[in-house]
Chemist: 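Okay, handing you the structure first.
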Amino acid sequence: MPIAHNPLSVEVTLEREDVVLLKVEGYLDVDTATEFQHHLANQLHHGRRHFLLDLSAVPFMDSSGMNIILRVYQEVRELPGSVHIISPAPAVLRVLDLTGVSITVPVSQSVEEALARVDALPDGPRVPDA
């Protein structure tokens, strides 16, 4: 009998024209990584440059998930753009720390903190003058 597996759920919210928030829920592993990759590729295709990845509802992530995060990081860096991980669960943060991904990809505690980091980038979005 196969073991029940939590499906991956990804909620996409456009924070700004080129800033997208992806709230990920479920296991981010070899079985679900392709679905996650499709969501990211779709947003890249639509011109998003800054990716906020809320991983607070991801209890487990393996190397497949990390590789996709690093791949999108490399792609948007050339735009230029950025990737920010938000509120990873303790087990996921441990994996990010042990592998050094958290050194490369900034980890924030909230969407607001990640947006502030985007704004602080030399090429970050600016609020138009009123």
Chemist: Nearest 0.5 Å, what's the CG-NE2 distance between Leu40 and His45?
Modeler: 14.5 Å

Chemist: side-chain contact (heavy atoms from CB on, under 4.5 Å) between Thr13 and Lys23: does it pass, once the steps are laid out?
Modeler: CA-CA 8 Å; Thr13 307; Lys23 291 187 69 147; 5.7 Å; no

Chemist: Quick one, Val24 and Phe36 - any side-chain contact, counting heavy atoms below 4.5 Å?
Modeler: yes

Chemist: Is there a side-chain contact between Thr99 and Met66 in this structure, where contact means two heavy atoms from C-beta onward sitting under 4.5 Å apart?
Modeler: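 When only atoms from C-beta onward are counted, Met66 and Thr99 do touch, with a gap below 4.5 Å.
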
Chemist: If you apply the rule side-chain contact (heavy atoms from CB on, under 4.5 Å), what do you find for Leu52 with Leu22, and how did you get there?
Modeler: CA-CA 6 Å; Leu52 312 182; Leu22 292 96; over 6 Å; no

Chemist: Enumerate, atom names and distances included, each donor-acceptor pair closer than 3.5 Å involving a side-chain atom of residues 82-97, sequence neighbours excluded.
Modeler:
unit_1: Ser82; atom_1: OG; unit_2: His50; atom_2: ND1; d: 2.7
unit_1: Ser82; atom_1: OG; unit_2: His84; atom_2: NE2; d: 2.9
unit_1: Ser87; atom_1: OG; unit_2: Gln109; atom_2: O; d: 2.7
unit_1: Asp97; atom_1: OD1; unit_2: Ser102; atom_2: OG; d: 2.6

Chemist: Find out whether Ser64 and Asp29 are in side-chain contact, i.e. whether some heavy atom of one side chain is under 4.5 Å from a heavy atom of the other.
Modeler: no

Chemist: Which donor-acceptor pairs under 3.5 Å do side chains of residues 67-80 form with protein atoms, sequence neighbours excluded?
Modeler:
unit_1: Asn67; atom_1: ND2; unit_2: Ser63; atom_2: O; d: 3.1

Chemist: Going by atom types only, do His38 and Asn42 share a side-chain donor-acceptor pair under 3.5 Å?
Modeler: no

Chemist: In Å, rounded to the nearest 0.5 Å, how long is the span from OG1 of Thr32 to CD of Gln37?
Modeler: 12.0 Å

Chemist: Under a 4.5 Å cut-off applied to non-hydrogen side-chain atoms, are Leu115 and Arg16 in contact?
Modeler: yes

Chemist: Can you tell me how far CZ of Arg49 sits from CG of Asp18, rounded to the nearest 0.5 angstrom?
Modeler: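 That separation rounds to 4.5 Å.
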
Chemist: Give the intermediate values and the outcome of side-chain contact (heavy atoms from CB on, under 4.5 Å) for residues Phe51 and Val20.
Modeler: CA-CA 5 Å; Phe51 289 76; Val20 64; 3.7 Å; yes

Chemist: Determine whether Val58 and Leu8 make a side-chain contact, defined as any pair of heavy atoms from C-beta on separated by less than 4.5 Å.
Modeler: no

Chemist: Applying side-chain contact (heavy atoms from CB on, under 4.5 Å) between Arg48 and each of Leu14, Val12, Val19, report the one that passes.
Modeler: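 Only one option passes, and that is Leu14.
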
Chemist: Out of curiosity, His39 NE2 to Glu11 CD, how far, rounded to the nearest 0.5 Å?
Modeler: 11.0 Å

Chemist: For Glu25, is there any backbone N or O sitting under 3.5 Å from a side-chain donor or acceptor partner on Ser9?
Modeler: no

